[in-house]
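Have a look at the structure below, then the notes.
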4 protein chains.
Amino acid sequence: MPRQARSKATIDAIFDATIQILLSYGVRRLTTTRVAERAGVSVGTLYQYFPHKEALLYAIIEHYLSQVAEAVEESCNQNLGQPLAVASDALVSAYILAKSKDAEASRALYTVSSDVDVADLVNATFKRLHDAGGRLLRSCPHVQFENVDEVTFTLMAAVTGATRVAFQNDAHREKLDDFREQIMTMCRAFLQNAAVDR
Amino acid sequence: MPRQARSKATIDAIFDATIQILLSYGVRRLTTTRVAERAGVSVGTLYQYFPHKEALLYAIIEHYLSQVAEAVEESCNQNLGQPLAVASDALVSAYILAKSKDAEASRALYTVSSDVDVADLVNATFKRLHDAGGRLLRSCPHVQFENVDEVTFTLMAAVTGATRVAFQNDAHREKLDDFREQIMTMCRAFLQNAAVDR
Amino acid sequence: MPRQARSKATIDAIFDATIQILLSYGVRRLTTTRVAERAGVSVGTLYQYFPHKEALLYAIIEHYLSQVAEAVEESCNQNLGQPLAVASDALVSAYILAKSKDAEASRALYTVSSDVDVADLVNATFKRLHDAGGRLLRSCPHVQFENVDEVTFTLMAAVTGATRVAFQNDAHREKLDDFREQIMTMCRAFLQNAAVDR
Amino acid sequence: MPRQARSKATIDAIFDATIQILLSYGVRRLTTTRVAERAGVSVGTLYQYFPHKEALLYAIIEHYLSQVAEAVEESCNQNLGQPLAVASDALVSAYILAKSKDAEASRALYTVSSDVDVADLVNATFKRLHDAGGRLLRSCPHVQFENVDEVTFTLMAAVTGATRVAFQNDAHREKLDDFREQIMTMCRAFLQNAAVDR
DNA sequence: GATGAATGAGGCTTCATTCAT
DNA sequence: CATGAATGAAGCCTCATTCAT
């Protein structure tokens, strides 16, 4: 097994272990020793890959956030020039799909996000989504928005925020499909309402 | 200074200190000693009011959340029977206003709200909002919704979630008024779209 | 109620409370606050009677130990000149009776005796018993002992030590009467064996 | 130094430190930090071997008590079938010898033994002694006892209780040899008196 | 490189004691 | 005198991090 691949495998194992422990023990009990143990490596090894605990947490959040950002960006790019309704649906859909792909991880990471100092990372990722969404909206034919930035911000805030609520709400964890439909409706309605013909 | 008042003052000081420390140090550095110190009391005193750190966090979150929930409930009750658009605006407005009243505290408490220990409280409060919102929607004349619960959930998730994003987003903290307008628009659009005449 | 009597009543209440708490919570949870509360007085009042917690514990142990010592001394004095067997029985009987009088307190105090610095008190009390016993043995007609001190020491050590074991042994707490008979037999046999005619 | 041996050495050091602190500071001042310090390890290390303070105390008491119990059991087994006097002497002798082997430790541990947390252990050990003694007495030729259990209990209570008193009594610590002789005499006398021919 | 025992700073909590009311 | 809220030293324990093997 080549070095690179082994590294990757170890890091994946560590990430997985982290998520699992987060889910079953909670942030408070997330210790480096426990993570290492669950990942099947020694603490020493863990520290070879991540200089601090915080670095591990940062890395794992970055990993998941960037996956989501990429998915959304890609979807946005592929739907440039589409009619507003289509674009809107694509955007919302891509986001929720990306989050749902590893729903457990998403749930788990929401609980850490306030513990580590990832505000910057979150803000940066949000900006990526915001930018991608803005480009998409601007590309829609026949329509334009009075102040795209505000609209885009609100759109993305609603999608990401509502999704968080849905994931963290015990009662709704099962109804994600319904939720997606609703949010799509909401965004479509919002955008159509905010748009003016051009 | 009569006993009751002194108690109240002490608890307020502790709450304030907690918020401040949350804002300047973060959850990870929120220690009972630090809170007591900042509040100008001894740790012992803190522990006379709250049996453990968790109880303090619970109490403070409960305090702020219930204020918000009350404000929203009241607004909902006062707008029962109003046209959909009015009702929607009242609901959204009440929520964001309540949150903005003590914006710093809101920002601070978002960082604690993902804590396992208060998850139930957060869920319970969300339920209060959900119920109040549901009653309001059901009371609107001339309209009805195919599945009110889904609609209400999505509405509240979007409002609360988006507000969280707005509060936590460094870039947007100043533009809360614009944000409120936008969210109001969004919710109105969503509800009108989801409603069917009756 | 005259001052003296009120004092006495308070101190009694405090002693009782201490014993009860010892019995139901254990030494570790014996706090001055709890004692005061159970005794129906404030901590401040408790501290008016006893300068430290240790003073309280010392006083209560002293109280019970001296009761026992007095009872034994009195019994010894009243049996001076009696035949060995009678004297022996009287001694043993007096000790166990005194301990049994407030069996709960005895049990409770055994658990504190190593916590407070009462070694001197215990030694001193043991000396009182030892002396009283020695005088009694020396007074017995027709017999004498080669080295009375050794004999007396062993006698008293056996009686007091065995009684402690009996009180602390969960299984035997009910059978104290049988135990007393047995110990009486043992002591009689020992003394008769150790005695030489004169 | 192989791992096992180092572990053993560490545990021994911790045990020794505990005994020493017990002797020089008393139970009340026995803190985990102090033990670790005296043992030349860090608190963390102490907690790697013992999950809490209670576990340490339990372990150390268990260690010493089981040594004593084993010694007594062995002596009892080796003297099965011996005449009463021989059996009695062997039993008493074995117990006191075992206690004397590490007299300091014995003295120290008496101060812990009334702790609630180890009460069960003490009772259980007493039962081992009781059982071994009972078997021994039953095996003696030509004699039997009306109720062996009562006799055995009293015998063991007297031996263990009196030994405790002797160890804890400042004045007698030097005269253990005399004490042993006396206790042997006492037990022999008791048993011969309690026995009936068969 | 990998390991995991050892470290010790620092967090939470208790409780003896004081002192203003 | 009595009260009991306030104090803060000190105890227990955890866990991120290091480093000898």
Side-chain angles (χ1 to χ4, degrees), chain A residues 3 6-7 10 28-37 39-57, chain B residues 1-4 6-7 9-10 28-37 39-57, chain C residues 3 6-7 10 28-37 39-57, chain D residues 1-4 6-7 9-10 28-37 39-57:
Chain A
R3 207 160 310 175
R6 203 173 35 181
S7 278
T10 303
R28 288 268 202 26
R29 301 258 177 81
L30 182 85
T31 70
T32 49
T33 314
R34 240 197 283 263
V35 169
E37 201 176 4
V41 297
S42 69
V43 225
T45 301
L46 189 154
Y47 274 85
Q48 212 108 52
Y49 289 96
F50 305 98
H52 339 283
K53 186 187 178 188
E54 191 163 354
L56 162 63
L57 262 22
Chain B
M1 203 178 195
R3 207 157 308 171
Q4 297 277 345
R6 203 174 32 181
S7 280
T10 303
R28 255 185 6 280
R29 300 255 181 81
L30 183 86
T31 72
T32 50
T33 316
R34 241 198 282 266
V35 169
E37 203 174 3
V41 297
S42 69
V43 228
T45 299
L46 189 156
Y47 275 88
Q48 212 131 43
Y49 290 97
F50 305 98
H52 31 251
K53 191 188 174 185
E54 186 187 335
L56 165 61
L57 293 180
Chain C
R3 207 160 312 173
R6 205 175 32 182
S7 278
T10 303
R28 287 267 203 23
R29 300 257 178 82
L30 182 85
T31 70
T32 50
T33 313
R34 240 198 283 264
V35 169
E37 201 176 3
V41 297
S42 70
V43 226
T45 301
L46 189 155
Y47 274 84
Q48 212 108 52
Y49 289 96
F50 305 98
H52 340 282
K53 187 187 178 188
E54 190 163 354
L56 162 62
L57 262 23
Chain D
M1 205 176 196
R3 209 157 305 174
Q4 297 277 343
R6 201 173 33 179
S7 279
T10 302
R28 256 188 0 281
R29 301 254 183 80
L30 183 86
T31 73
T32 50
T33 316
R34 240 198 281 269
V35 169
E37 202 173 6
V41 297
S42 68
V43 227
T45 299
L46 189 155
Y47 276 88
Q48 212 132 44
Y49 289 97
F50 306 97
H52 31 252
K53 191 187 175 187
E54 188 187 335
L56 165 61
L57 292 181

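Naming: A, B, ... by sequence-line order, numbering from 1 per chain.
Between the CZ atom of D:Phe50 and the P atom of F:dT14 there is a distance of 15 Å, given to the nearest Å. Atom CZ of B:Arg29 is separated from atom P of E:dC12 by 13 Å (rounded to the nearest Å). One can place CG of D:Leu46 at 15 Å from P of F:dG11, the figure rounded to the nearest angstrom. As rounded to whole Å, 15 Å separates atom C1' of E:dC12 from atom CD of B:Glu37. A straight line from CG of B:Leu57 to C1' of E:dC12 spans 13 Å, rounded to a whole angstrom. Straight-line distance from the CG atom of D:Leu56 to the P atom of F:dC12: 10 Å, rounded to whole Å.
In terms of the salt bridge (charged side-chain N to carboxylate O under 4.0 Å, His left out) criterion, residue partners of C:Glu54 (sequence neighbours excluded) are, by chain and number, D:Arg28. By the side-chain contact (heavy atoms from CB on, under 4.5 Å) test, C:Ser42 pairs with C:Thr45, sequence neighbours left out. Qualifying side-chain contact (heavy atoms from CB on, under 4.5 Å) partners for D:Gln48, counting only residues two or more places apart in sequence or in other chains: none. In this structure, B:Arg34 has no side-chain hydrogen bond (donor to acceptor under 3.5 Å, both in side chains) partners at least two apart in sequence or on a different chain.
Between D:Ala36 and D:Leu46 the shortest heavy-atom distance is N-CD1, 3.9 Å. Residues B:Val41 and B:Thr10 approach most closely at CG1-CG2, 4.1 Å, considering heavy atoms.
Looking at heavy-atom distances under 4.0 Å, B:Tyr49 makes contact with sugar-phosphate atoms alone, never a base. Across all strands shown, C:Arg28 has heavy atoms under 4.0 Å from sugar-phosphate atoms exclusively, and none from any base.
In DNA chain F, the stems built from three or more successive Watson-Crick or G-U pairs (distances below 3.5 Å) are E:2-21 with F:2-21.
Contact annotation: D:Thr45 does not reach the phosphate of E:dA5 (side-chain N/O to OP1 or OP2, under 4.0 Å). Residue D:Ser42 places none of its side-chain N or O atoms closer than 4.0 Å to OP1 or OP2 of E:dG8. Remark: A:Gln48 is in phosphate contact with E:dA2, judged by side-chain N or O atoms under 4.0 Å from OP1 or OP2.
We find the CG-OH distance between A:Leu56 and A:Tyr49 to be 13.0 Å, quoted to the nearest 0.5 Å. In this structure, NZ in C:Lys53 is found 7.0 Å from OG1 in C:Thr31, a value given to the nearest 0.5 Å. Here CD of B:Glu37 is found 11.0 Å from OG1 of B:Thr32. Values are rounded to the nearest 0.5 Å.
For the pair D:Gly40 and C:Arg34, nearest-nucleotide mapping onto DNA chain E gives the more 5' position to D:Gly40.
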Would you tabulate the pairs of protein nitrogen or oxygen atoms and nucleotide nitrogen or oxygen atoms of nucleotides 16-20 of chain F closer than 3.5 angstrom?
unit_1: F:dA16; atom_1: OP1; unit_2: A:Lys53; atom_2: NZ; d: 3.0
unit_1: F:dA16; atom_1: OP2; unit_2: A:Thr32; atom_2: N; d: 2.7
unit_1: F:dA16; atom_1: OP2; unit_2: A:Thr32; atom_2: OG1; d: 3.2
unit_1: F:dT17; atom_1: OP2; unit_2: A:Tyr47; atom_2: OH; d: 3.1
unit_1: F:dT17; atom_1: OP2; unit_2: A:Lys53; atom_2: N; d: 2.9

